[in-house]
Amino acid sequence: MPELPEVETVVRALRPVLEGRRLARVVARRPDLRWPLPQGLGQRLTGATVLGVARRAKYGLIATDRGETLLFHLGMSGRLRLDAPGDGAHDHVLFETGEGRRIVFTDPRRFGMLDLWPSDRLGEHRLLAALGAEPLGADLRPLLARAFAGRVAPVKALLLDQRILAGVGNIYACEALWRARVRPDRLAGALKPAEIARLAAAIPAVLDAAIAAGGSSLRDHVQPDGTLGMFQHSWAVYGRQGEACPKGHPVERLIQSGRSSFLCPRCQR
DNA sequence: ATGCACTCCTGAACGC
DNA sequence: TGCGTTCAGGAGTGCA
């Protein structure tokens with residue numbers, strides 16, 4: 001599910017529940033997700049007070065007063081649900097606050113991860129160290145121009161490369177390319193400055209719109225309070241093969257390195 | 001360095 | 001109804 005807008009939606013929902021609150025009970029119901037859970041997870045977090053909840057790329061970051069930060073990644077099917085029972089087959093980790101709120105980490109496919117890491121050395125975590133720029137809040141044009149120069153790979157492959165831009169996934173890469181009127185299979189190094197500029201504007205625009213809509217709900221994403229994201233109703237091309245793009249032309253699908261890309265060949269060149 | 005295929009796991013959707 | 005096949009929003013790893 002979760003790309004940057006979905007993780008941002010989750011982080012914003014967790015903030016009022018967790019910030020400044022004490023974790024009264026943390027229970028791991030299995031030893032691993034994608035990787036083994038950190039040693040003594042429950043013990044290390046129980047009794048800690050949450051200082052802040054933030055996001056880096058597609059990672060959620062929960063800082064505690066014990067000098068450690070809990071990182072989480074939702075993988076493809078991960079969800080964090082508020083006040084769910086937490087006894088389902090795929091409910092893997094439970095967090096309970098002193099106020100009696102319960103946060104349940106659910107992940108059927110178990111591609112997600114959780115880790116604890118010293119807060120003052122967070123940037124050294126192996127999964128965070130190589131991440132590229134956040135796509136919101138900065139001017140992406142010079143960054144993309146530098147990253148695309150001389151590259152033979154399709155532009156969509158580079159948009160998905162988290163070392164360049166951190167947080168864009170398959171859905172929003174397709175959507176941003178449509179807004180920028182650039183085909184996903186164009187070679188990155190061959191993009192003209194005007195096309196790079198359009199892409200640099202389209203990426204934050206589509207991410208901001210998705211955040212405002214509460215993310216996209218496909219199979220798995222819901223906001224922690226259970227309400228559905230609505231941005232899937234605003235998709236121009238993603239998942240809409242054979243339907244009309246917003247300009248009325250048929251959307252096509254192509255496979256790039258084993259993953260679906262959706263595009264409008266009339267709008268995108 | 002660069003590009004790409006494969007892999008982890010489960011569930012939903014589709015075809016017969 | 002039931003079974004098999006295909007596909008899915010991520011991303012690390014290892015290969016050419």
Side-chain angles (χ1 to χ4, degrees), chain A residues 1-10 29-37 55-60 71-80 88-92 105-115 125-132 135 146-177 184-190 203 206-207 210-211 213-223 228-242 253-262:
Chain A
M1 158 283 290
E3 304 185 24
L4 184 153
E6 289 75 31
V7 179
E8 181 64 26
T9 298
V10 167
R29 299 181 69 221
R30 58 173 298 128
D32 58 354
L33 294 169
R34 178 171 187 173
W35 293 295
L37 293 171
R55 177 192 60 73
R56 170 77 173 109
K58 301 172 193 173
Y59 293 89
L71 288 77
F72 66 85
H73 194 296
L74 299 172
M76 296 259 276
S77 59
R79 280 151 67 155
L80 283 171
H90 305 301
D91 295 339
H92 304 313
F105 188 108
T106 306
D107 185 7
R109 289 173 77 179
R110 302 206 304 275
F111 287 178
M113 62 81 65
L114 286 177
D115 203 3
H125 191 280
R126 68 186 185 96
L127 297 171
L128 302 181
L131 288 177
R146 215 176 315 123
F148 290 174
R151 296 291 298 266
V152 175
V155 58
K156 174 154 171 267
L158 296 197
L159 291 184
L160 295 179
D161 185 340
Q162 303 296 300
R163 295 169 299 185
I164 297 172
L165 212 52
V168 177
N170 204 34
I171 292 176
Y172 298 109
C174 291
E175 293 297 306
L177 284 162
D185 52 358
R186 286 279 302 284
L187 298 186
I203 291 165
V206 75
L207 294 176
I211 292 169
S216 298
S217 292
L218 193 48
R219 289 168 187 79
D220 299 293
H221 172 68
V222 289
Q223 299 176 55
L228 292 171
M230 295 302 285
F231 194 70
Q232 66 279 9
H233 302 300
S234 301
W235 290 343
V237 289
Y238 185 83
R240 304 190 57 240
Q241 182 181 16
R253 183 171 88 115
L254 59 87
I255 307 292
Q256 294 182 276
S257 30
R259 306 195 62 189
S260 289
S261 290
F262 297 89

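Lettering of chains follows the sequences in order, A, B, ..., and the numbering in each one begins at 1. These numbers come from the heavy atoms of this one structure, side chains and all, not from hydrogens, waters or symmetry mates.
Taking A:Arg110 as the reference, nothing meets the salt bridge (Lys or Arg N to Asp or Glu O under 4.0 Å) condition, with sequence neighbours excluded. Residues forming a side chain to side chain contact (heavy atoms under 4.5 Å, CB included) with A:Gln241 (at least two apart in sequence, or on another chain): A:Arg253, A:Phe262. Scanning for side-chain hydrogen bond (donor to acceptor under 3.5 Å, both in side chains) contacts around A:Arg34 gives an empty result, with sequence neighbours left out. Every residue was checked against the ring-ring contact (aromatic ring centres under 6.0 Å, His included) condition with A:Phe105, not counting sequence neighbours, and none meets it. Under the rule for a side-chain hydrogen bond (donor to acceptor under 3.5 Å, both in side chains), A:Tyr238 has no partner lying at least two apart in sequence or in another chain. In this structure, A:Lys58 has no side-chain hydrogen bond (donor to acceptor under 3.5 Å, both in side chains) partners at least two apart in sequence or on a different chain. Checked against ring-ring contact (aromatic ring centres under 6.0 Å, His included), A:His90 has no partners two or more places apart in sequence or in another chain. Residues forming a side-chain hydrogen bond (donor to acceptor under 3.5 Å, both in side chains) with A:Arg151 (at least two apart in sequence, or on another chain): none.
A salt bridge (Lys or Arg N to Asp or Glu O under 4.0 Å) check over residues 158-174 of chain A, counting only residues at least two apart or in different chains, returns the pairs A:Asp161-A:Arg163.
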Determine which bases of DNA chain B form Watson-Crick or G-U wobble pairs with both distances under 3.5 Å, and write the result as a 5' to 3' dot-bracket string with | for other-strand partners. .|||||||.|||||||

Between the protein and nucleotides 4-6 of chain C, which nitrogen or oxygen pairs are less than 3.5 angstrom apart?
none

Nucleotides 4-9 of chain B: protein proximity per nucleotide (B base, S sugar-phosphate only, - neither; heavy atom, under 4.0 Å): SS--BB

